[in-house]
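Before we start, here is the structure in question, set down as structure tokens.
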2 protein chains.
Amino acid sequence: MSIDTKLDMQEVSQIMKLLGDKTRLTMMKMLQAQDFCVCEFVEIFNMSQPAISQHLRKLKDIGLVKESRKKQWIFYSFNRDHDCALLIEELLQHLPDQKERLVELEAQGLRISCE
Amino acid sequence: MSIDTKLDMQEVSQIMKLLGDKTRLTMMKMLQAQDFCVCEFVEIFNMSQPAISQHLRKLKDIGLVKESRKKQWIFYSFNRDHDCALLIEELLQHLPDQKERLVELEAQGLRISCE
DNA sequence: TACTTATATAATTAAATCATTATATACTGA
DNA sequence: TCAGTATATAATGATTTAATTATATAAGTA
């Protein structure tokens with residue numbers, strides 16, 4: 001049932017703690033589908049920019065997301081190389097996709113496309 | 001990939017928050033294999049009885065465990081009827097079994113058997 | 001270079017969390 | 001009924017968490 005050799009209790013509980021916040025859990029669900037930059041999340045969650053930055057930092061510190069700069073924006077992506085990536089992806093499968101949030105963002109013309 | 005129709009973000013994040021504590025996560029892993037009573041957990045985790053009771057209460061309040069009295073003991077069991085039971089069981093599969101803890105408990109003669 | 005936009009960090013505060021001690025409740029058996 | 005054991009609840013305090021405001025850094029552009 002698990003491809004990973006068994007994971008560490010300590011590590012998994014820390015990750016669960018991070019996913020125990022609705023904002024971060026939703027972020028991860030969205031990042032499973034595509035990358036987002038900070039300012040998009042600010043709009044999506046209607047939350048202050050530092051609050052968003054701090055959530056992303058926690059996710060980054062524990063290795064669940066990676067960041068990469070593109071032009072003036074910093075995009076965050078799901079880190080599928082993480083030890084617990086499989087566990088997390090399984091978990092996220094149980095959650096509703098957040099399409100409406102993306103649709104709304106696009107409707108407001110706030111989607112950042114960068115290529 | 002999921003049998004459950006999609007779960008609620010709010011509910012899942014609350015559950016993840018509960019599993020974000022190493023003691024509770026370990027409890028759930030152990031309860032996946034068999035039932036335990038409070039005093040066994042007190043020994044296993046080497047923690048005060050009220051601390052254990054309060055962890056179990058949180059798990060019970062959110063519906064992850066059920067309790068049943070047997071003689072003077074109260075046994076806790078994994079509630080497989082919970083909405084999120086499947087998700088949780090999947091998650092727990094990734095964790096190492098806690099056999100050593102049980103072995104140690106038995107070695108100390110502190111396992112409560114009740115039938 | 002100076003201005004604007006995007007993001008990060010620091011300081012602060014309110015609320016939540018977790019363990020402890022003290023106490024109450026409930027069952028068992030003499 | 002009383003004593004002992006098992007468990008729950010309440011009160012308290014230390015620590016952590018998550019948001020805010022203020023400020024710093026870095027890139028883009030006129």
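Just so it is clear, the values below take in all heavy atoms, side chains as well, and ignore hydrogens, waters and symmetry mates. Chain A is the first sequence line, chain B the second, and so forth, proteins listed ahead of strands; every chain is numbered from 1. Computed from a prediction, not measured in an experiment: that's the story for all the values here.
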Closest-nucleotide ordering on DNA chain D, the 5'-leading residue of A:Lys70 and A:Met47: A:Met47
Closest approach of A:Val12 to A:Cys84 (non-hydrogen atoms, all atoms of both residues): CG2-SG, 4.4 Å
Distance below 4.0 Å between A:Arg57 side-chain N/O and C:dT7 OP1 or OP2: no
Test applied, side chain to side chain contact (heavy atoms under 4.5 Å, CB included); reference residue, B:Phe41; option that passes from B:Asn46, B:Leu31, B:Thr23, B:Thr26: B:Leu31
Any A:Tyr76 side-chain N or O less than 4.0 Å from OP1/OP2 of C:dA8: yes
Contact under 4.0 Å: A:Ser48 side-chain N or O vs D:dT20 OP1/OP2: yes
Distance, rounded to the nearest Å, where A:Leu18 contributes CG and D:dT17 contributes C1': 11 Å
Among C:dA6, C:dC18, D:dA19, the one nearest B:Asp21 by side-chain distance: C:dC18
Spacing of B:Glu43 atom CD relative to D:dA6 atom C1', expressed in whole Å: 13 Å
Side-chain N or O of A:Arg69 closer than 4.0 Å to phosphate OP1/OP2 of D:dA26: no
Length of the line joining A:Lys60:NZ and C:dT7:P, which is rounded to integer Å: 13 Å
Phosphate OP1/OP2 of C:dC18: any B:Lys58 side-chain N/O under 4.0 Å: yes
Rounded interatomic separation in angstrom, taking CD from B:Gln54 and C1' from D:dA10: 9 Å
Pairwise side-chain contact, B:Met27 with B:Phe36, heavy-atom cut-off 4.5 Å (strictly under): no
Touch class at under 4.0 angstrom, heavy-atom based, for A:Gln49 against every strand present: base
Euclidean distance, atom CD of residue B:Gln72 to atom C1' of D:dT7 [Å, nearest integer]: 11 Å
Nearest-nucleotide 5' precedence on DNA chain D, B:Pro50 against B:Ile112: B:Ile112
Donor-acceptor contact present, side-chain B:Gln98 to main-chain B:Pro96, <3.5 Å: yes
Residue that, paired with A:Arg111, satisfies side chain to side chain donor-acceptor pair (under 3.5 Å) out of A:Glu43, A:Glu104, A:Glu40: A:Glu40
A:Lys17 NZ - D:dA18 C1' separation (whole Å): 14 Å
Rounded interatomic separation in angstrom, taking NE2 from A:His55 and P from C:dA8: 13 Å
Sugar-phosphate, base or nothing in reach of B:Glu40, heavy atoms under 4.0 Å: nothing
Nearest-Å distance for atom pair CZ/P, residues B:Phe41 and D:dA8: 12 Å
